[in-house]
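So the structure is just underneath, and the comments pick up after that.
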2 protein chains.
Amino acid sequence: MKSHQITIIDIANTLNLSKSTVSRALTGHPNVKVKTRERVLELAAELDYQRNQLAISLLTNRTQTIGIMVPEFLSSFFPKVIIGAQDVLAKAGYNVVICHSNESYETEIVNTKLLLASRVDGILVSHTKETRNFEHFKIFDRKGIPVVFFNRIVDEMSVSKVAVDDYEGAYQAVEHLIKTGKRRIAHLSGPDSLQNSRSRLNGYRDALTNHQIPIDPALIISYDLTLDKANIYVNHLLNLPQPPDALFAINDPTAIEALKVIKSRGLRIPEDIAIVGFSDDPISALIEPGLTTVSQPVDEIGREAARLLLNQLAADDERPEPELVVLPTRLIIRGSTVTGENPTGFADQTSLPSF
Amino acid sequence: MKSHQITIIDIANTLNLSKSTVSRALTGHPNVKVKTRERVLELAAELDYQRNQLAISLLTNRTQTIGIMVPEFLSSFFPKVIIGAQDVLAKAGYNVVICHSNESYETEIVNTKLLLASRVDGILVSHTKETRNFEHFKIFDRKGIPVVFFNRIVDEMSVSKVAVDDYEGAYQAVEHLIKTGKRRIAHLSGPDSLQNSRSRLNGYRDALTNHQIPIDPALIISYDLTLDKANIYVNHLLNLPQPPDALFAINDPTAIEALKVIKSRGLRIPEDIAIVGFSDDPISALIEPGLTTVSQPVDEIGREAARLLLNQLAADDERPEPELVVLPTRLIIRGSTVTGENPTGFADQTSLPSF
DNA sequence: CATGATTTTGGGAATGTTCCCAAAAATATA
DNA sequence: TATATTTTTGGGAACATTCCCAAAATCATG
């Protein structure tokens, strides 16, 4: 049961002033006597007065709130992106509402409605792996609420986007495997609905082709990113008449699952089969052998997405041109592809304490 | 630049109705002709009408929004708690705003103001390690906005709280070390400001005392949970004239940092020194050796905290009695304390895919 | 001390919605 | 057909704030 809220009228009445004067005193308007302002601020502090942002938002039609929608946040990736974005947005005076869709298209739509109802000024989005229809995001666009996609981006919408160079990252990962002498390189790919999944697959293909290695469709498997499936597919690959001598996985959790399966079969990594992941999850530096992986500037993805959104919000005339930012990736080489590299698997750990 | 928002008045004008009737049609009030309701709903859908939650909140003085404040969310702990809480709250029709204080007291106070200004109906809080003064939380209490503490709880406030049995968890962890024959058991503890840090220390002490092992103050170190400090203190302990033969760490990141230092010194785990952590981070099952740790029902902490908050919100008469829920912990035994246990370090992995 | 200029204050509209009460329309009853 | 009853609709107040314009108070200048 909430008690009566303190309003500017309460303050006005106690001090025998009008609400207008109190409002001016609180917002720092110059036209108010110093003495009066002091009296108002003093009483406001004493009563724990908090201006009602709802009323102001209703009046100004701006909530100073940005919605961030992510498909999950159990892995470290999205929390880090959010932290980066939040930092930039907070400095610009915006609050942040975080929604996670749990990789469910239905939940994503519900979140969409929610953000629309709470009248956010803009949204940052990484859609779910199930999302193939983007009508629910176009509503924002039609209402003039800026949308910025990050990480999982949408070709069919003309809005600002932040991605990493998935193609190049994948290309270099596969080229690295080729240089270590591997020839039968498998790829555990993600669902076709994800743009970055498609780009990484292209990078994989082109690296092989450019090194005169034929592409064997039996070595390419797209899956839905649920780890029990990964387990099945890795086993399947190992059971092939001509099993692969290397595996490029769509992401680190997949690579780690593969590593687990391969170790339990008593195969040697990287001699029998080498593994490369994608995204440099903190875990990847800690396991044995350390996982070679394509790192991405996670924090910077969030910061950049926030900046693009602020660009859209700042323009008070017509809508500014959408921008596309592609951030570079970097190959981190560890024991899963090269012997003697990071033998303990411990390197550049940066995770924080938890309780 | 946001375009004109569609309001019920727009709908009312186009259909030659009053705003009252449109409002009734949209909210499902029975007293409206079926034909009229259909016309209204149809036009509303066509115009992408979204009711303005701000206006409603202003009127009802309830925002249907809950604030969750956590000290960090880079480790997996708090994201999991948030997911649990969010699930329960969403089912009860509440939205969630997440704030992370980045372990900074200052930021926590800013977040407090922010949640107060956005008029949340209640808050779930885990305070920072720096927080020793809780006045900023008492403001909520005074305004009749329910507060529930979880994980890091506050003795001096009479509100609902959710904790795990830190004392018992620590006791069992240390007892386990004693049973494996260890006698010089060190404890890397957290800051005294955290209630769970104190409880774990008590569990450690009592386990030693009850097994007639004298407590050596040189083996107890409280630190601020920043990993570089952990590194220094572990080295310090190993350099003692009589180094410990086991280490009970306040949390898993600390334990993993210790493991790293100990391995790099060429000591055997657990023969030369055994390690136990706290909270069963997903990483703990993946490293080598697997980390023995005290697991807590992370998801359930969030769900339970949400339930306690709903209890407070549901009561429409006077304020209900605060509740205290203490959830059980469970010792997970792995290779860092027992040889031959989980030799690969891979066990019960449940982390999700990331990009 | 009067006049004009400037500073300070007050009143009302506006924001989008719900809810209460009254009015109008439709329906039932005599 | 007139009256009573029920259903459906409309008009205003209320929520907390800001902003514009006018009114009041203060100040400076001759």
Side-chain angles (χ1 to χ4, degrees), chain A residues 2-41 43-44 47-65 116-121 143 145, chain B residues 2-41 43-44 47-65 93 116-121 143-145:
Chain A
K2 281 203 225 175
S3 54
H4 167 74
Q5 342 183 28
I6 311 290
T7 73
I8 51 170
I9 299 188
D10 295 321
I11 297 179
N13 289 343
T14 1
L15 298 177
N16 269 321
L17 290 167
S18 72
K19 58 178 169 35
S20 313
T21 307
V22 175
S23 170
R24 272 187 293 262
L26 290 169
T27 51
H29 195 282
N31 280 5
V32 54
K33 205 158 61 177
V34 180
K35 181 80 186 165
T36 312
R37 165 171 300 124
E38 280 171 2
R39 286 201 299 154
V40 170
L41 292 182
L43 184 60
L47 298 176
D48 275 332
Y49 167 81
Q50 295 285 340
R51 64 210 296 239
N52 193 331
Q53 186 58 48
L54 295 170
I56 300 172
S57 294
L58 184 60
L59 208 54
T60 60
N61 198 21
R62 318 179 101 260
T63 54
Q64 300 293 349
T65 301
L116 233 26
S118 53
R119 291 294 199 276
V120 290
D121 291 342
K143 285 185 184 283
I145 301 170
Chain B
K2 282 202 227 176
S3 53
H4 168 75
Q5 347 182 23
I6 312 289
T7 72
I8 51 171
I9 300 190
D10 295 321
I11 297 179
N13 289 343
T14 2
L15 298 178
N16 270 322
L17 290 168
S18 72
K19 56 177 170 37
S20 312
T21 307
V22 175
S23 170
R24 272 187 293 259
L26 290 168
T27 50
H29 195 281
N31 280 6
V32 54
K33 205 157 63 177
V34 179
K35 179 81 184 163
T36 311
R37 167 172 295 126
E38 280 171 1
R39 287 200 301 154
V40 170
L41 292 181
L43 185 59
L47 297 177
D48 276 334
Y49 167 81
Q50 294 285 340
R51 63 213 297 239
N52 193 331
Q53 186 59 47
L54 295 170
I56 300 171
S57 295
L58 186 59
L59 208 54
T60 59
N61 198 21
R62 319 180 100 259
T63 54
Q64 299 293 347
T65 301
L116 234 25
S118 52
R119 291 296 199 274
V120 291
D121 290 342
K143 285 184 184 286
I145 301 170

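From a predicted model like this one, the values you see are computed outputs, not experimental measurements. All chains are named by letter (A, B, ...) in the order of the sequence lines, taking the proteins before the strands, and each is independently numbered beginning at 1. Reckoned from all heavy atoms, side chains included, excluding hydrogens, waters and symmetry mates.
Scanning all heavy atoms of the two residues, the minimum distance from B:Leu41 to B:Ala25 falls at CD2-O, 4.3 Å. Summarising the geometry of B:Ser118 relative to B:Thr63, their closest heavy-atom pair is O-CG2, 3.8 Å, with the distance given to 0.1 Å.
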Expected list for residues 27-35 of chain B: side-chain donor-acceptor pairs under 3.5 angstrom, two or more places apart:
unit_1  : atom_1 : unit_2  : atom_2 : d
B:Thr27 : OG1    : B:Ser23 : O      : 2.8
B:Thr27 : OG1    : B:Arg24 : O      : 3.3
B:His29 : ND1    : B:Asn31 : N      : 3.2

Donor-acceptor contacts under 3.5 Å from residues 9-21 of chain A side chains, at least two apart:
unit_1  : atom_1 : unit_2  : atom_2 : d
A:Asp10 : OD2    : A:His4  : NE2    : 3.1
A:Asp10 : OD2    : A:Thr7  : N      : 2.8
A:Asn13 : ND2    : A:Ile9  : O      : 3.4
A:Thr14 : OG1    : A:Asp10 : O      : 2.4
A:Thr14 : OG1    : A:Ile11 : O      : 3.3
A:Ser18 : OG     : A:Ser20 : N      : 3.4
A:Ser18 : OG     : A:Thr21 : N      : 3.3
A:Ser18 : OG     : A:Thr21 : OG1    : 3.2

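Between the base of C:dG11 and the side chain of A:Ser18 there is no donor-acceptor pair shorter than 3.5 Å.
In this structure, B:Leu54 and B:Ser20 both approach DNA chain C, and ranking their closest nucleotides by distance from the 5' end singles out B:Leu54.
In this structure, the CZ atom of B:Arg24 is 16 Å from the C1' atom of C:dG16, given to the nearest Å. Taking atom CG on B:Leu26 and atom P on C:dG16, their separation rounds to 15 Å, with Å as the unit. Between A:Lys35 atom NZ and D:dC27 atom P there is a gap of 15 Å when expressed in whole angstrom units. In this structure, the CG atom of A:Asn16 is 16 Å from the C1' atom of C:dT8, given to the nearest Å.
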Please tabulate the protein-to-nucleotide N/O contacts below 3.5 Å involving nucleotides 15-17 of chain D, giving atom names and distances.
unit_1 : atom_1 : unit_2  : atom_2 : d
D:dT17 : OP1    : A:Tyr49 : OH     : 2.4
D:dT17 : OP1    : A:Asn52 : N      : 3.1
D:dT17 : OP2    : A:Ile8  : N      : 2.8

Listed pairs, N/O of protein and of nucleotides 6-8 of chain D, under 3.5 Å:
none

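Note: B:Ile6 CD1 to B:Ile8 CD1 = 12.5 Å, rounded to the nearest 0.5 Å. Summarising the geometry, atom CG belonging to B:Leu54 is positioned 6.0 Å from atom CG belonging to A:Leu54; distances are rounded to the nearest 0.5 Å. To the nearest 0.5 angstrom, B:Leu47 atom CG is 8.5 Å from A:Lys143 atom NZ. Summarising the geometry, atom CZ belonging to A:Arg119 is positioned 9.5 Å from atom CG belonging to A:Leu58; distances are rounded to the nearest 0.5 Å.
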Start with the C-alpha distance between A:Ile56 and A:Gln64, add both sets of side-chain angles, then the distance that settles side-chain contact (heavy atoms from CB on, under 4.5 Å), and finish with yes or no.
CA-CA 10 Å; A:Ile56 300 172; A:Gln64 300 293 349; over 6 Å; no
May I have the step-by-step check of side-chain contact (heavy atoms from CB on, under 4.5 Å) for A:Thr65 and A:Asp121, ending in yes or no?
CA-CA 6 Å; A:Thr65 301; A:Asp121 291 342; 5.8 Å; no
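In this structure, the helix from C:dC1-D:dG30 to C:dA30-D:dT1 shows an angle of 50° between the axis at its start and the axis at its end, each fitted on 5 base pairs and rounded to 10°.
Residue pairs meeting the side chain to side chain donor-acceptor pair (under 3.5 Å) criterion with at least one member in residues 47-60 of chain B, sequence neighbours excluded, are A:Arg142-B:Asp48, B:Gln53-B:Ser57.
When heavy atoms are screened at a 4.0 angstrom cut-off, A:Asp10 is found touching no nucleic acid atom at all.
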